[in-house]
2 protein chains.
Amino acid sequence: MSVQERKERERAGRERLIVATARELAEEQGWDAVTTRRLAERIEYSQPVLYSHFRGKREIIGAVALDGAAEMAVALRAASSAADGPRARVAALARAYLDYAVRNPAVYDAMFRLDGGLAFAREDTPAPLKDAFAALLETLGEVAGDGVHPGLFTETFWAALHGLATLTRSGRLPPEHTDVRVDLLVDRLAAL
Amino acid sequence: MSVQERKERERAGRERLIVATARELAEEQGWDAVTTRRLAERIEYSQPVLYSHFRGKREIIGAVALDGAAEMAVALRAASSAADGPRARVAALARAYLDYAVRNPAVYDAMFRLDGGLAFAREDTPAPLKDAFAALLETLGEVAGDGVHPGLFTETFWAALHGLATLTRSGRLPPEHTDVRVDLLVDRLAAL
DNA sequence: TCTCGATGCTAGCACCGCTAGACAATAGAG
DNA sequence: CTCTATTGTCTAGCGGTGCTAGCATCGAGA
C-alpha cells in the first residue's frame with residue numbers, strides 16, 4: 001500500500017516539475033518557445049510523459065494559469081490591505097494588478113490571453129480563478145456606487161486594467177504615462 | 001511600358017486577393033487555420049507566390065489589420081456623427097467599437113491581438129492605424145474633462161473597450177450585461 | 001525466482017512556416 | 001520570325017511543431 005502512495009507522491013512531484021518548468025521556459029523565452037520537445041528535455045523525460053499528465057499543451061498552459069491566479073490573488077490582497085481608505089485601496093489594487101502583469105508576462109498570458117481550456121465566470125470555474133476575481137471584488141465592490149452591481153463593476157474595472165496591460169505590453173500603447181491612465185481609471189470609475 | 005503597367009496591376013490585384021482571402025479564411029475558421037498551404041490553395045497559386053508579396057505570415061496579418069483599421073475608422077465616425085450630444089456620441093462610439101469587434105473577430109485580432117509587425121503610437125505608424133485612433137480621439141477628446149490630456153484619455157477609454165471586447169470574446173466575461181458595462185464606462189469615464 | 005502489469009522510451013505521423021533550385025513563359029533584340 | 005535573357009512560378013524539401021502507436025524494460029507481488 002505504501003508503495004502505491006510513494007508512486008503517487010512521485011507522480012505529483014513530477015507534475016509540479018512540469019508546470020514549474022513550463023512556466024520558467026515561458027517567462028524566459030515566451031510561450032512559443034515552450035514546445036513539448038524542449039519541455040520534455042528540460043525535465044529530463046521523453047515527450048510522451050507529458051501526455052500521461054496532461055491531455056496536451058493547452059492543459060499545461062491551464063495549469064500554469066491556475067498557479068498564477070492563486071499567486072495573483074495573494075498579491076492583490078496584500079496590496080489592497082496595506083492601503084488606507086477606499087481611494088488608496090483601489091489605486092493600490094490597480095497598480096498591483098498591472099505590476100503582476102509586467103513581472104509575470106507569460107503567466108499573465110496563460111491566465112488571460114491564451115487558451116488554457118479553463119472555464120471562466122461559471123459554476124465550474126476552478127477555485128483559484130474564482131478567488132482571484134473575489135480578491136478584486138473585495139476592494140472594488142465597495143466603490144461600485146449606488147445602484148451598480150458590484151460584480152458588474154468589478155468586471156468592468158478589470159476589463160479596463162486588462163486592456164491597459166495587454167495594449168501596453170504589445171507596444172500598442174506607449175509605456176510612458178501608465179500611471180496617469182491608472183489614476184484616470186481610479187478617479188473616474190470608482191464612486192468615491 | 002504599358003506591359004509593365006499591366007503586370008503591376010495584375011500583381012497588385014493578386015496582392016489584394018491574398019489579403020482578402022486570408023481575411024475570409026481567418027473569419028471562417030480562425031487565424032490558426034490560415035496556413036500558407038491553405039491560403040495558397042485558395043488563391044490557386046503555390047506557396048512561394050505568397051512570399052513574393054509578403055515577407056511571411058506576419059506581414060499578411062499586418063495587411064489584414066490595415067484594411068480593418070480603415071474600415072473601423074469609417075464605422076466609428078459614422079456611428080458617432082449619427083448621434084446628438086456628447087453623451088450619445090460617446091455611447092454610440094463605444095457600441096460601434098464593440099460591434100465591430102464582434103462582427104469581425106479575426107480582423108480585430110489582426111489589429112489588436114496578433115503580431116502583424118506594425119508600429120503603434122509612433123511617427124512611423126501606418127496611416128490607417130493613426131486614422132482609426134484619430135476617429136476615437138475626435139469624439140472622446142471632447143469629453144476628456146479639464147486638465148486631462150485628450151490623447152491619454154482616449155487611450156484609457158480605448159483600453160477599457162479593448163478589455164471588454166477581448167475578455168468577453170474569450171469567454172472570460174459572460175456575454176450578458178455587456179451594455180450595462182458599456183454604460184458604466186461611458187457614464188463614469190467621460191466628463192459630461 | 002518468476003510472472004505480469006505498469007511505465008517510459010523510440011520512432012513516426014501529418015502538419016507547420018519558409019526557401020533553394022529547376023523549369024516554363026514571355027518580352028525585347030536582331 | 002527567331003533567338004536569348006529575364007521574369008515568374010512551381011516542385012521538392014528543410015527543420016520544426018503537437019501528438020501517438022507500439023515496443024522494451026523495470027519492479028512489485030506471488
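On a predicted model such as this, the values are computed, not experimentally measured, just so you know.
Taken residue by residue, residues 17-43 of chain A places heavy atoms nearer than 4.0 Å to DNA chain C at A:R37.
The CG-P distance, from A:L50 to D:dG18, rounds to 10 Å in whole Å. Rounded to a whole Å, the CD atom of B:E59 is 14 Å from the C1' atom of C:dC18. The nearest whole Å value for the distance from the NZ atom in B:K57 to the P atom in C:dC16 is 9 Å. C:dT10 atom P lies 16 Å from atom OH of A:Y51, rounded to whole Å. Atom CZ of B:R55 is separated from atom C1' of C:dT19 by 15 Å (rounded to the nearest Å).
A salt bridge between B:R23 and B:E71 is present, with a side-chain N of the basic residue lying under 4.0 Å from a carboxylate O of the acidic one. At a threshold of 4.0 Å, the pair B:D183-B:R188 does not count as salt-bridged, since none of the basic side-chain nitrogens sits closer than that to a carboxylate oxygen. The residues B:D179 and B:R95 are annotated as not salt-bridged, no charged nitrogen and carboxylate oxygen being separated by less than 4.0 angstrom. Looking at B:E28 and B:R42, a side-chain N of the basic residue comes within less than 4.0 Å of a carboxylate O on the acidic one, giving a salt bridge.
Residue pairs meeting the ring-ring contact (aromatic ring centres under 6.0 Å, His included) criterion with at least one member in residues 125-157 of chain A, sequence neighbours excluded, do not occur. For residues 104-123 of chain B, the set of pairs meeting the ring-ring contact (aromatic ring centres under 6.0 Å, His included) definition, not counting sequence neighbours, comprises B:Y97-B:Y108, B:Y108-B:F112, B:Y108-B:H162, B:F112-B:W158.
Taking Ile, Leu, Val, Met, Phe, Trp and Tyr as members and joining any whose side-chain heavy atoms lie under 4.5 Å apart, directly or through other members, A:V102 forms no hydrophobic cluster with any other residue.
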Polar atom pairs between nucleotides 8-10 of chain D and protein, under 3.5 Å, N or O only, would you list them?
{"residue": "D:dT9", "atom": "OP1", "partner": "B:R14", "partner atom": "NH1", "Å": "3.0"}
{"residue": "D:dT9", "atom": "OP2", "partner": "B:R14", "partner atom": "NH1", "Å": "3.3"}
{"residue": "D:dT9", "atom": "OP2", "partner": "B:R14", "partner atom": "NH2", "Å": "3.0"}
{"residue": "D:dC10", "atom": "OP2", "partner": "B:S46", "partner atom": "N", "Å": "2.9"}
{"residue": "D:dC10", "atom": "OP2", "partner": "B:S46", "partner atom": "OG", "Å": "2.8"}

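Listed by chain and number, the residues in a side chain to side chain donor-acceptor pair (under 3.5 Å) with B:R37 amount to none (sequence neighbours excluded).
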